[in-house]
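All remarks here apply to the structure that follows.
When reading the values below, keep in mind they use all heavy atoms of this one structure, side chains included, and skip hydrogens, waters and symmetry mates. Both counts, for ligands and for their atoms, begin at 1 and track the order of listing.
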Amino acid sequence: MKFIRWFVGKILLTLNACCRPKAVTRDAPDQARVDDMTQHMRLYQFEACPFCIKVRRAMRRLNLTITTHDINRSPEHEAELIQGGGKRKVPCLRISRPEEAEQWVYQSSDIITYLEQAVGTTP
Ligand SMILES: N[C@@H](CCC(=O)N[C@@H](CS)C(=O)NCC(=O)O)C(=O)O
């Protein structure tokens, strides 16, 4: 099962590289607003995880700059995810805005819905 996921992930990575979604464009103030919002977000992920690729494609489509952490390559971020989010599962979006309770959103579809609503874009 793990191998099949890995294999599918590699195929998806190749397909993703071949046909990347077109990014929405915003005027400068609106992009600055969105960038300000996403600087407080982190995506915990694996490079070849199909669900993570799905989220990264949505990020590109929505033109979002979000720092990503590959937890297979970074034990420090893996520990951070398990401690903060409660489980070792990716993708997981961490939102830590100042003076607000930290949020850890699991499930690729929920992450994409959250991002679309947060930036006010539902293409
Ligand atoms: N339904 C979830 C599936 C997420 C999922 O299965 N993620 C796998 C990687 S593809 C995972 O984190 N497995 C735990 C592990 O490999 O340790 C979603 O849409 O995000």
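- Taking a 6.0 Å sphere around CD of Gln83, one finds it holds 12 or fewer heavy atoms contributed by other residues, nucleotides or ligands.
- For the pair Arg42 and Glu102, the salt-bridge criterion is not met [side-chain N within less than 4.0 Å of a carboxylate O].
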Stepwise side chain to side chain contact (heavy atoms under 4.5 Å, CB included) test for Phe7 and Ile11: CA-CA 6 Å; Phe7 186 68; Ile11 292 173; 3.5 Å; yes
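- Set against the non-hydrogen atoms of Ser108, the atoms of ligand 1 under 4.0 Å away are 18 (C), 19 (O), 20 (O).
- Below 3.5 Å of separation, one finds no N or O of Ser109 facing any N or O of ligand 1.
- Among the atoms of Phe46, none of the N or O lies under 3.5 angstrom from an N or O of ligand 1.
- Under a 3.5 Å cut-off, the side chain of Thr38 and the backbone N or O of Ile66 do not form any donor-acceptor pair.
- Which of Ile71, Val90, Ile111 comes nearest to atom 11 (C) of ligand 1 through a heavy atom is settled by distance: it is Val90.
- Although no hydrogens or angles enter the test, the distance criterion places no donor-acceptor pair under 3.5 Å between the side chain of Tyr114 and the main chain of Leu93.
- Near Arg88, the atoms of ligand 1 lying under 4.0 angstrom from a non-hydrogen atom of the residue are 14 (C), 15 (C), 16 (O), 17 (O).
- At the shortest separation from atom 2 (C) of ligand 1 among protein heavy atoms lies Gln107 OE1, 3.3 Å.
- Close approach of ligand 1 to Cys49 (heavy-atom distance below 4.0 Å) involves ligand atoms 9 (C), 10 (S).
- Under the 4.0 Å criterion applied to side-chain N and carboxylate O atoms, Asp36 and Arg33 are not assigned as salt-bridge partners.
- Of the protein's heavy atoms, Arg5 NH1, 3.6 Å lies nearest to atom 8 (C) of ligand 1.
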